[in-house]
Amino acid sequence: MSVRTTTRRRQLGAMMRKLRARKGMTLEEAGGLVGVSKATVSRYETQAGPVKWIVVDALCREYGATDAEREAVVRLAKDARQQGWWSSFADSIPESMNLLLTLEDEAVREDHFSCVYVPGLLQTRAYSTALQKANEIPLEPAEIERLVDIRMKRQEILTRPKPFRLWAILDESVIRRVVGSPEIMREQLGRLLEVNDSPHVTLQVLPFSNGAHGAALGSFVIIGGTESALDVVYVDFHTGSLFLEKDQELERYRLAFEYLRAQALDMEASFALIRRARKEL
């Protein structure tokens, strides 16, 4: 998946295919009605290259789409070219981060399992700074600050007008590992406890006492689109990142998350464990 293959673009393609199929038209028939080639109609449906909203609008009319359907599809065509808030950083951040920010900005939910560190969406500035300073490749202070600024800006997704749903499952090692200093860690655990006040965030802890569990996959994130077919799994490795979207890949991680959710403590017990860990620092 490339940065240009955004969730909006994928959703546009899926809707265009659905409307044409409903009308019973071939690619060639559809193209002939609006004066474009069969290849152009196919490209619009397979996310291969840019789209023109005026052509999308014309196709929707030929497909007999309702006004609401046509307006929604045209809006997707227009929005697919919009740049996100991170565009000013795009030339200096890895392509994988650019894609993650794009997908996350367009998502409606995120299921996150973490077995090492607190998820970026829930980190304090001090905790995030300490992580960057622990990088095996020393970074300049200005670079550390820039990366932390991006992470803090990302967190605004949790308070945007259209609520973003976050379900985070943390291995107990995440809340026990002291990052930076005891003071920084106490502040971070306090930030996690504040999640209890958010109706759009669910937090669970997977305790050591449960022993072996199905987390052999390591940390992962299921980035949820407006429909399940648009979901993407994000896996961050030390040497790079993977974005998985095949049905069998998605199903494997969905099952893993459901298993972990069943094995983890409920929210009340999870917060009790976090409070205890904080008190012991």
Side-chain angles (χ1 to χ4, degrees), residues 1-84 87 95-96 98-111 157 160 162-165 220-235 241-255 257-258:
M1 180 188 293
S2 69
V3 174
R4 291 178 290 278
T5 311
T6 65
T7 302
R8 292 189 187 99
R9 188 66 181 83
R10 294 164 67 218
Q11 186 174 11
L12 172 63
M15 293 183 70
M16 293 299 288
R17 288 193 302 275
K18 179 180 178 180
L19 290 172
R20 180 176 60 80
R22 190 174 70 188
K23 189 66 174 179
M25 285 187 185
T26 65
L27 293 169
E28 190 171 13
E29 289 171 341
L33 289 172
V34 298
V36 299
S37 68
K38 169 184 175 181
T40 297
V41 179
S42 177
R43 188 179 74 241
Y44 280 27
E45 295 182 6
T46 57
Q47 311 107 47
V51 298
K52 295 180 179 179
W53 72 264
I54 195 167
V55 175
V56 169
D57 182 85
L59 285 169
C60 285
R61 293 177 188 277
E62 295 296 340
Y63 294 156
T66 65
D67 288 342
E69 288 174 332
R70 179 173 55 80
E71 290 170 3
V73 174
V74 169
R75 185 165 58 251
L76 281 171
K78 292 179 177 179
D79 290 349
R81 301 183 63 181
Q82 290 184 356
Q83 292 184 318
S87 59
E95 180 177 349
S96 60
N98 197 350
L99 179 52
L100 172 62
L101 295 174
T102 300
L103 291 170
E104 199 166 65
D105 188 57
E106 299 168 357
V108 297
R109 73 178 197 286
E110 192 169 285
D111 295 335
I157 196 173
R160 67 186 183 186
K162 293 183 179 180
F164 175 89
R165 188 76 169 90
F220 63 90
V221 184
I222 302 174
I223 304 172
T226 51
E227 53 185 271
S228 60
L230 300 175
D231 291 357
V232 177
V233 171
Y234 170 69
V235 183
S241 303
L242 284 180
F243 293 88
L244 311 172
E245 55 183 336
K246 293 181 180 179
D247 289 342
Q248 60 269 33
E249 295 168 337
L250 288 169
E251 187 60 22
R252 181 186 183 192
Y253 281 91
R254 287 173 182 143
L255 286 173
F257 193 80
E258 287 300 316

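Shown here is Glu28, whose CD atom has no more than 12 heavy atoms of other residues, nucleotides or ligands within 6.0 Å. By the 6.0 Å contact criterion, CD1 on Ile54 is open, its count of non-hydrogen atoms from other residues, nucleotides or ligands being 12 or less.
The shortest heavy-atom contact between Arg20 and Met25 is NH1-O, 2.8 Å. Counting all heavy atoms, side chain and backbone alike, Glu104 lies closest to Phe164 at O-CE1, 4.1 Å. Counting all heavy atoms, side chain and backbone alike, Ile222 lies closest to Tyr253 at CD1-O, 3.7 Å. Between Ala77 and Leu12 the shortest heavy-atom distance is CA-CD2, 3.9 Å. The two atoms that bring Ala107 and Ile223 nearest to each other are CB-CG2, 3.5 Å, heavy atoms only.
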- Task: List the steps, then state whether salt bridge (charged side-chain N to carboxylate O under 4.0 Å, His left out) holds for Asp231 with Arg109.
- Result: CA-CA 10 Å; Asp231 291 357; Arg109 73 178 197 286; 2.8 Å; yes
- Message: I'd like to know whether Glu69 forms a side-chain contact (heavy atoms from CB on, under 4.5 Å) with Arg22, so could you lay out the CA-CA distance, the side-chain angles of the two residues, the decisive distance to 0.1 Å, and finally the verdict.
- Response: CA-CA 13 Å; Glu69 288 174 332; Arg22 190 174 70 188; 2.9 Å; yes
- Verdict with reasoning, Arg70 to Val73, per side-chain contact (heavy atoms from CB on, under 4.5 Å): CA-CA 5 Å; Arg70 179 173 55 80; Val73 174; 6.0 Å; no
- Message: Checking Glu45 against Leu27 for the side-chain contact (heavy atoms from CB on, under 4.5 Å) test, could you report, in this order, the C-alpha distance in whole Å, the side-chain angles of both residues, the deciding distance, and whether it holds?
- Response: CA-CA 10 Å; Glu45 295 182 6; Leu27 293 169; 3.8 Å; yes
- Query: Passes side-chain contact (heavy atoms from CB on, under 4.5 Å), Leu250 versus Val233? Steps please.
  - Reply: CA-CA 7 Å; Leu250 288 169; Val233 171; 3.7 Å; yes
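Within the model, atoms CD of Glu251 and CG of Asp247 stand 8.5 Å from one another, a figure rounded to the nearest 0.5 Å. Separation of atoms CG (Asp111) and CZ (Arg254) is listed at 9.5 Å; rounding is to 0.5 Å. Note: Arg75 CZ to Asp57 CG = 13.0 Å, rounded to the nearest 0.5 Å. In this structure, CG in Leu59 is found 12.5 Å from NZ in Lys23, a value given to the nearest 0.5 Å. To the nearest 0.5 Å, the span separating CD1 on Ile157 from CZ on Arg160 amounts to 4.0 Å. Taking CG of Leu33 as the start and CZ of Arg61 as the end, the distance is 14.0 Å to the nearest 0.5 Å.
Under the 30°/60° scheme for interplanar angles, the aromatic rings of Phe243 and Tyr234 are found to be tilted.
Judged by distance alone, with hydrogens and angles left aside, the side-chain atoms of Tyr63 form no donor-acceptor pair with the main-chain N or O of Lys18 at under 3.5 Å.
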